[in-house]
Protein chains: 2
Amino acid sequence: MIIRDFNKIKGTEREVADARWKSARMLLADDGMGFSFHITTIEAGSEHTFHYKHHFEAVWCVSGEGSIEDLATGEVHEITPGVMYALNLHDHHTLRAKTELQLACCFNPPVTGTEVHREDGSYAPAEDDKAA
Amino acid sequence: MIIRDFNKIKGTEREVADARWKSARMLLADDGMGFSFHITTIEAGSEHTFHYKHHFEAVWCVSGEGSIEDLATGEVHEITPGVMYALNLHDHHTLRAKTELQLACCFNPPVTGTEVHREDGSYAPAEDDKAA
């Protein structure tokens, strides 16, 4: 059994930060669960375009308000506490935070922890990441 | 892209209830994400013994207070908002809710939605469930 506390991970090396977002890695690939689990904080007023071509991601809004735009269709969905979006089609999307968003995120395949977003908004597939 | 709102799922057939717990199925096997994702509510004062012999489960506490006991070791871990437990060893465990617990849960392999807890606290493996 693995026990980890988000409140103790915040601000440590298990919390990865990039431009106006940070993500506490609660579970990574080497935990052997077959998925990774993250608590991600998106800064109020920021926007982020991602395209996880090699991963499925589900995101559940714990707190805050924002929106997600499906860049294939132009459709915009409001994000409020309790709303989940799942990128079952590896959807290219823009996430906008009206207020600070706290999000619980699950990735399959699991993130290894060393990925960075590439220019196209994707993470490399796990094999490329291992080879890098 | 799948969008679902916990606040709209509550009380519908996507929310499964059993003795003193209920679980809103945000994502199930047929969503094709490779994991399932649930928002589970555990009634204050209740206790539950589970043993997912065929699944990995990670559980992140959104709100409430309780504890988890590892029945193999007798160790007890406090559960408060922000704490995650991950059953990476298919750990036999007892979950106790001091106050109502709201939990974000992720299962691999994904739950199909038709499982019931068996006498031994497990869910059947997906193959058995399909065959049933």
Side-chain angles (χ1 to χ4, degrees), chain A residues 1-10 24-28 30-39 52 55-63 67-73 75-93 102-110, chain B residues 1-10 24-28 30-39 52 55-63 67-73 75-93 102-110:
Chain A
M1 189 182 301
I2 300 167
I3 305 281
R4 291 194 183 118
D5 185 348
F6 169 67
N7 299 296
K8 291 179 183 163
I9 285 175
K10 276 191 297 188
R25 270 76 197 269
M26 305 295 293
L27 285 174
L28 289 169
D30 64 4
D31 292 309
M33 299 286 288
F35 55 85
S36 60
F37 187 78
H38 314 243
I39 301 297
Y52 299 117
H55 297 78
F56 295 110
E57 187 195 18
V59 174
W60 186 69
C61 178
V62 180
S63 62
S67 66
I68 181 167
E69 181 177 349
D70 183 333
L71 294 175
T73 63
E75 213 171 346
V76 175
H77 306 277
E78 295 303 310
I79 296 176
T80 53
V83 171
M84 177 204 70
Y85 64 85
L87 305 170
N88 61 320
L89 302 174
H90 306 288
D91 312 74
H92 190 198
H93 65 283
Q102 189 182 52
L103 306 170
C105 310
C106 193
F107 277 87
N108 168 34
Chain B
M1 188 181 300
I2 299 167
I3 305 280
R4 289 191 186 122
D5 184 347
F6 169 66
N7 299 295
K8 291 180 185 163
I9 285 175
K10 275 191 299 187
R25 271 74 198 269
M26 305 296 293
L27 285 175
L28 289 169
D30 64 3
D31 291 309
M33 299 286 288
F35 57 84
S36 59
F37 187 79
H38 314 243
I39 301 298
Y52 299 117
H55 297 79
F56 295 110
E57 187 195 18
V59 174
W60 185 69
C61 178
V62 180
S63 63
S67 66
I68 181 168
E69 180 177 351
D70 183 334
L71 294 175
T73 64
E75 214 171 346
V76 175
H77 305 277
E78 295 303 310
I79 296 176
T80 53
V83 170
M84 177 204 71
Y85 64 85
L87 306 170
N88 62 319
L89 302 174
H90 305 288
D91 312 74
H92 190 199
H93 64 283
Q102 190 183 51
L103 307 170
C105 310
C106 193
F107 276 88
N108 167 34

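By convention in this document, chain letters (A, B, ...) are assigned in the order of the sequence lines, proteins followed by strands, and residues within each chain are numbered from 1.
The two residues B:Gly82 and A:Met26 come nearest to each other via the heavy atoms O-CE, 3.8 Å. Looking at every heavy atom in both residues, A:Ala86 comes nearest to B:Leu27 through CB-CD2, 3.8 Å.
When A:Ile3, A:Asp5, A:Val83 are compared by the number of non-hydrogen pairs under 4.5 Å with chain B, A:Ile3 comes out ahead. The greatest number of non-hydrogen atom pairs below 4.5 Å with chain A, out of B:His90, B:Lys10, B:Met33, B:Lys8, is found for B:Met33. Chain B forms the most heavy-atom pairs under 4.5 Å with one residue out of A:Ile9, A:Asp70, A:Leu89, and that residue is A:Asp70. Among the candidates B:Cys61, B:Ala104, B:Ala24, B:Ala58, the residue making the largest number of heavy-atom pairs closer than 4.5 Å to chain A is B:Ala58. Counting heavy-atom pairs under 4.5 Å between each of A:Ile39, A:Ile68, A:Asp31 and chain B puts A:Ile39 at the top.
Of the atoms belonging to B:Glu57, it is backbone heavy atoms, and not side-chain ones, that fall under 4.5 Å from chain A. Of the two parts of A:Asn88, the backbone and the side chain both hold a non-hydrogen atom closer than 4.5 Å to a non-hydrogen atom of chain B. Interface residue A:Tyr85: backbone and side-chain heavy atoms are both found under 4.5 Å from chain B. Heavy-atom distances place no part of A:Ile79 under 4.5 Å from chain B, backbone and side chain included. With a 4.5 angstrom heavy-atom cutoff, B:Pro109 does not touch chain A via any of its atoms. For A:Asp91, the part lying under 4.5 angstrom from a heavy atom of chain B is the side chain only. Residue A:His93 touches chain B through its side chain alone, counting heavy-atom pairs closer than 4.5 Å.
For the pair B:Met1 and A:Thr73, the minimum side-chain heavy-atom distance is 4.5 Å or more. Contact of the A:Val62 side chain with the B:Trp60 side chain is registered, since non-hydrogen atoms from C-beta on lie closer than 4.5 Å. Residues B:Asn7 and A:Thr80 form no side-chain contact, since every pair of their non-hydrogen atoms from C-beta on lies 4.5 Å or further apart.
Rounding to the nearest 0.5 angstrom, the gap separating the CZ atom in A:Phe37 from the SG atom in B:Cys105 is 8.5 Å.
Between A:Phe35 and B:Phe35, the ring planes lie tilted relative to each other; the angle falls in the 30° to 60° range.
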